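Since the structure comes first, as structure tokens, the remarks are kept for the end.
Computed over heavy atoms, backbone and side chain alike; hydrogens, waters and symmetry mates excluded. Because the structure is predicted, anything quoted here is derived from the model rather than measured. We name chains A, B, ... by the order of the sequence lines, and we start the count at 1 in each one.
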Amino acid sequence: MNRFLARRLAYSFVTLFVLSLLVFFLGQILPGNVARAILGPFADQQAVDALNHQLGVDRPLFVQYGTWIWHFVQGDMGQSYIYRTPIADFVVPALSHSLKLAAVAFLVVVPLGIFGGVVAALNVNRPTDRIISLAGLSAAAMPEFVTGILGILVLGVWLGWLPISAAWPDGAGALTQLYHLILPAIPLVLVLFGYIARMARAGMIEALDSDYTRTAVLKGLRWRQVIWRHVLRNALLPTITVVATQTGYLIGGLLVVETLFRYQGIGSLIFNAARAKDFPMLQACVLIIGIAYAVATLLADVFYSLLNPRIRMEESQ
Amino acid sequence: MACTGPSMTEPALCLDRLSVAYRTGGRDRAVLREVSFTIARGEAYGLVGESGCGKSTVALTAVRYLPRNGSITGGSVMLDGTDVMRLGPEALRQLRANRVSMVYQDPGKALNPSLTVGRQLAEVFEVVGVRPAEREVRALEMLKKVRIADPGSVMRRYPHQLSGGMQQRVAIAMALANEPTMLILDEPTTGLDATVEAEVLDLITDLRRELGTSILFISHNLAVVAKMCDRVGVLYAGMLVEEGLTRETLGSPRHPYTVALLRCLPQGGQRKDHARLDTIPGFLPSPGAPMPGCPFAERCALADGRCRTEIPELGDAHGRLVRCHYPDRAADLPRSSPADVAPARPASEAAPVLRVSNLSKTYSQGGHPIRAVADVSLSLLPGETLGLVGESGSGKTTLARMLLGLVQPDPGGTIELDGKPLAAGLGQRCDEEVKAVQIVFQNPDSALNRSHAVARIIGRALRRLGGFRGADLSRRLDALVEAVRLTPQHLALRPSQLSGGLKQRVAIARSFAGDPRVVVCDEPTSALDVSVQAAILNLLAELQAKRDVSYVFISHDLGVVRYLSDRIAVLYLGRIMEMGPSERVFEGPNHPYTEALLSAVPNLDESQDSRIRLSGEIPSAANPPSGCVFQNRCPRKLGAICETLEPPLTEMEPGHIFRCHIPAEDLERLQRRRKACAQIVGSSPEKARRYELAR
Amino acid sequence: MTNVANAEPSSRRQDVVAALFQSGSFLTGMTLVLFWVVCALFGGHLVPYDPLTEDILNALGPPSARHWFGTDQLGRDILSRVIVGSRDLLIVAPLATILATAVGTVLGLFIGYFRGVIDDVVSRLIEAKMALPSVIVALLAIVALGTSETTVIIVIGLSFGPVIARTVRSAVLSERELDYVAAAKLRRENAIHIMFVEILPNILPPILVESSVRLGYAIFAVATLSFIGFGLQPPSPDWGLSIATNYSMISGGYWWTVLFDALAIASLVVGVNLTADGLHGALND
């Protein structure tokens with residue numbers, strides 16, 4: 001098992017390294033001169049040069065990259081072009097906001113998606129299955145701003161059940177915060193539900209049709225025992241990995257949802273940085289997202305290997 | 001013969017006019033048509049038939065586990081006096097828990113990959129209410145009963161850590177744990193190696209004797225059924241066409257289909273230069289096809305107008321049930337393909353077309369070297385067939401792929417074609433060399449590109465290998481298509497529109513496109529039914545006679561190898577253990593491994609030798625035993641020398657070599673004595689074994 | 001039951017087409033998609049008002065007999081804008097998908113067929129790309145390259161390419177082990193022939209399904225980019241863009257300025273996904 005996880009860990013680092021290169025060099029395509037872009041066309045050439053030097057963008061690329069990464073690892077994400085303050089001051093609170101929202105969405109969607117998939121598989125090709133599958137499919141395809149808008153209209157404006165802004169008053173308790181996060185979480189849940197339910201359904205159908213399930217039934221086990229002991233565990237293994245890879249999409253969704261609901265998370269940070277062409281901020285945020293993704297997939301791998309005896313036993317072989 | 005009614009002893013299983021249909025493409029297609037048979041208590045009943053005849057459907061119906069699209073359209077199933085179709089869920093569960101069990105093909109899939117063997121076995125006791133503390137003890141007992149050497153450690157293992165043979169023993173242990181009245185075995189040894197299969201079959205025989213279980217044994221392999229069963233039923237297109245005592249039915253069949261099926265098998269040392277095999281023309285009717293008359297009428301040489309319009313009843317014919325209007329004529333069924341062969345050419349004195357010296361292949365898996373092929377030397381004469389025989393892990397496929405240049409051998413070995421060295425990699429071979437060595441793969445579904453039409457598949461090969469163009473190409477294409485007995489209509493079709501046998505003909509045509517010198521046949525008939533196999537073997541023999549091509553023929557089916565091969569090489573863990581003229585290898589004296597392999601394979605001939613049991617499993621090539629690689633399983637092991645020194649290949653008679661420390665004379669004496677004692681005691685392996693032990 | 005002779009020599013293509021026309025989701029999906037394609041092509045002739053003409057006096061009018069869907073803050077007729085609003089989206093998203101399919105297919109074929117170091121490197125790159133949502137990758141690139149329809153097409157195309165490449169790669173990995181590839185090598189076909197003539201036709205079904213799913217996501221991504229201001233630009237009547245300009249007014253009760261655009265996007269993406277689902281079902285039977 002350790003060998004499996006070590007390999008996965010090494011993969012994660014390689015992935016992150018490649019990602020950082022990608023992000024860094026995308027920043028280099030930015031047309032023109034960084035300081036000129038910041039200071040505007042009428043700025044004094046000397047001031048431009050000075051700022052370029054201060055920002056370090058006149059040094060060789062690999063030195064810039066090395067410095068950037070080295071500082072990043074130490075928690076120094078550099079300075080925002082726009083605010084001229086350390087990026088970390090923005091990123092840390094934004095990250096904690098986003099994590100809250102993501103956690104609410106995840107805690108709702110993972111059990112719901114798995115439950116939906118399992119129910120669909122147990123009723124395969126019957127109306128229940130078709131309804132769950134088609135609803136999931138439609139929801140997954142819907143851009144978050146569309147479902148968000150519809151949510152705001154129906155639940156927020158017409159029915160008035162939920163606040164249409166995610167920003168809670170200062171000093172609000174956990175319940176109030178949760179109350180404010182329900183509406184923003186709905187678009188995220190909808191997008192992920194279809195995907196998770198679909199994977200769970202496919203895994204369940206495969207497991208239900210398997211020979212080992214037949215063995216279990218023919219043993220004379222009760223249906224409930226067959227499902228719990230023999231089907232679910234094998235069926236849901238692939239779903240675990242899928243759930244982790246969905247963190248990527250989730251964060252993409254945050255960008256829109258946070259903008260729509262005026263929520264100060266990493267998504268709205270990216271949005272604002274993009275508008276202002278604040279590239280250091282953008283790069284830092286994107287790398288943070290990459291790290292979040294890597295951590296999530298790694299956790300999924302740990303979980304997966306604990307549940308899968310083939311991997312758990314690898315060492316003893 | 002209804003199943004209900006008062007009787008002293010209820011049969012273990014009784015099917016009464018059972019009909020089953022599968023719904024596909026919006027239509028119900030009949031797969032079983034009024035199948036009736038009875039299995040008495042303690043009886044072993046065999047159900048044989050080719051793929052698609054509905055064998056497995058019988059099994060699944062008996063335990064009421066039809067696929068979602070399957071439905072019973074008529075008749076009934078009585079299991080141990082209970083009408084299976086009328087049970088409620090709880091009663092059905094009780095029935096499955098206590099009275100009927102099933103073991104099927106591919107034990108690796110039948111066991112849950114994420115639960116330990118012990119846990120899965122304990123569940124069997126849980127369902128009948130054994131106390132938790134006792135379950136483990138009983139599970140352990142059961143593993144001992146299926147002769148698992150180290151039951152304690154097997155209990156804690158997961159299925160993937162066991163070999164195929166061990167997995168099937170575990171499955172059998174689970175099936176028999178609650179001593180059911182009825183055990184259904186659906187191809188239980190298909191896919192297992194011959195020596196492992198033999199052990200599993202012995203185990204089933206012994207346990208059946210011990211527990212008195214009734215058995216429904218489903219198999220495509222007539223010889224296995226002949227060995228295992230008291231009575232046999234032959235299924236064709238969802239109908240039972242013949243039923244009777246096994247020995248009588250398979251010895252003197254009365255239904256034309258059974259007659260034809262048995263003639264398709266190479267038996268009793270039949271060889272390609274004696275006679276061609278008989279074949280069955282035409283195709284199995286597709287499921288659900290309308291059936292106005294006898295299902296076999298379209299393919300039966302005896303059929304007349306009545307057969308095509310009137311379905312025959314399953315009638316009693318001399319103590320046998322036969323579904324035929326003319327059961328007395330079956331024995332005179334005319335051959336459907338001529339038997340005569342061109343007279344065998346005198347053994348060629350020519351130089352070998354292919355010579356292989358010291359060829360080895362080492363793979364690396366997770367840092368461990370695995371020697372798939374070790375130091376193999378052999379030669380192949382023009383027009384000769386060399387049979388390669390061996391179980392899984394013997395390296396026969398790797399060897400074949402090295403000949404083709406698809407696998408790069410270890411440095412040091414050489415391959416020569418017509419006396420000239422042949423480059424190891426395909427890329428370094430010239431056009432002439434590439435087209436000289438071709439292959440017919442095992443599985444035509446994999447070997448033929450499914451998006452190309454037949455004309456394109458064969459045409460492209462003619463273009464690339466034969467260098468033909470334009471009108472020349474189409475002339476050659478027609479000739480080649482005719483040579484493999486396809487018709488021009490087939491040219492426009494894609495592989496998915498052809499049956500297995502036709503696909504294999506396309507593959508054969510392709511391999512002959514460039515007039516090869518050597519064709520490697522890698523299990524070319526093992527994916528095919530018996531009746532189709534015969535036609536393919538005939539075709540291969542015919543092409544060889546006409547074109548003077550040499551074959552390297554790989555197969556695990558010894559009857560097939562014997563039919564086609566002039567010489568045979570027996571491989572074990574990548575080494576040649578024995579090589580010699582085909583008849584010498586089959587008649588012996590043999591290497592102890594060959595001896596065991598030959599005795600492991602059940603055959604239809606009555607003179608069955610006493611069985612040799614091999615202990616243990618085939619070792620992994622990653623970790624072969626020291627000394628002679630066969631020593632840990634060898635029943636004739638001499639002692640320390642076998643463990644320390646790998647015996648060299650020695651010639652025991654001209655052209656017949658093997659790798660053993662036991663001198664040839666001693667082996668010959670030992671093996672003659674074993675055969676003699678088998679004849680004294682008769683064909684019961686059990687008695688013969690006791691006799692041998694007593695001696 | 002396994003193959004039983006040449007009893008029914010219907011071609012696979014006919015089977016697939018027949019299955020498609022029996023598939024409810026395919027038919028429903030296709031109807032929705034075709035509806036919007038027709039609107040995009042001929043909408044200009046069907047609309048009651050010019051979608052770009054401003055009429056400040058009638059700004060923010062609720063749905064009425066004259067303006068069925070009401071008017072926006074510049075007094076433009078929302079019904080007309082919704083009808084032609086699919087035009088740019090239906091140019092940009094399919095082109096991006098075609099680009100992604102082409103790039104992904106070629107890339108996937110090469111890395112899947114040759115394996116080795118290139119495969120390792122490219123697979124890591126793809127993995128790194130997968131760590132980021134496409135919208136964010138696109139955002140990064142658009143910030144760096146500037147906004148234009150071409151940029152959006154290229155950026156979405158290149159960012160979906162790796163996803164398709166991954167599907168293609170895994171299909172190629174199982175195909176290359178099949179014996180027909182060995183047979184092709186045994187008649188000295190070159191790698192290009194094996195990849196494009198032997199393997200490619202056999203992996204078209206998964207490619208087709210994957211790219212139809214990607215089309216759904218391309219619409220998703222383009223609409224989202226337009227919504228956050230980095231996709232299609234004003235005065236395009238694009239739905240995402242309209243919602244972006246109007247959504248701040250929902251709390252003021254002007255719900256009609258966003259509702260119909262939202263429903264339009266919803267129906268289009270649902271249509272594309274139903275079509276993809278029907279295709280998947282028909283090709284995997």
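- Both the backbone and the side chain of A:Tyr11 come within less than 4.5 Å of a heavy atom of chain C.
- In this structure, chain C has heavy atoms under 4.5 Å from both the backbone and the side chain of A:Arg275.
- Taking each heavy atom of A:Phe271 and C:Ile228 in turn, the nearest pair found is CE1-O, 3.3 Å.
- The parts of A:Val286 that come within reach of chain C are both its backbone and its side chain, each placing non-hydrogen atoms under 4.5 angstrom from that chain.
- Side-chain atoms of C:Asp277 and A:Arg198, non-hydrogen and from C-beta on, do get closer than 4.5 Å to each other.
- Classified by interplanar angle (parallel below 30°, tilted 30° to 60°, perpendicular above 60°), the ring pair A:Phe145/C:Phe227 is parallel.
- Neither the backbone nor the side chain of A:Gln283 has a heavy atom closer than 4.5 Å to any heavy atom of chain C.
- The shortest non-hydrogen separation linking C:Leu259 to A:Leu150 is CD1-CD2, 3.5 Å.
- Only the side chain of A:Leu134 comes within contact range of chain C, judged by heavy atoms closer than 4.5 Å.
- The side-chain heavy atoms of C:Val258 and A:Ile152, taken from C-beta on, include no pair separated by under 4.5 Å.
- With a 4.5 Å cut-off on side-chain heavy atoms, A:Val146 and C:Trp239 do not count as touching.
- A:Leu22 is listed as a side-chain neighbour of C:Leu125, based on a closest heavy-atom distance under 4.5 Å.
- Using a 4.5 Å cut-off between non-hydrogen atoms, the part of residues 213-224 of chain C that approaches chain A consists of C:Arg214, C:Tyr217, C:Phe220, C:Ala223, C:Thr224.
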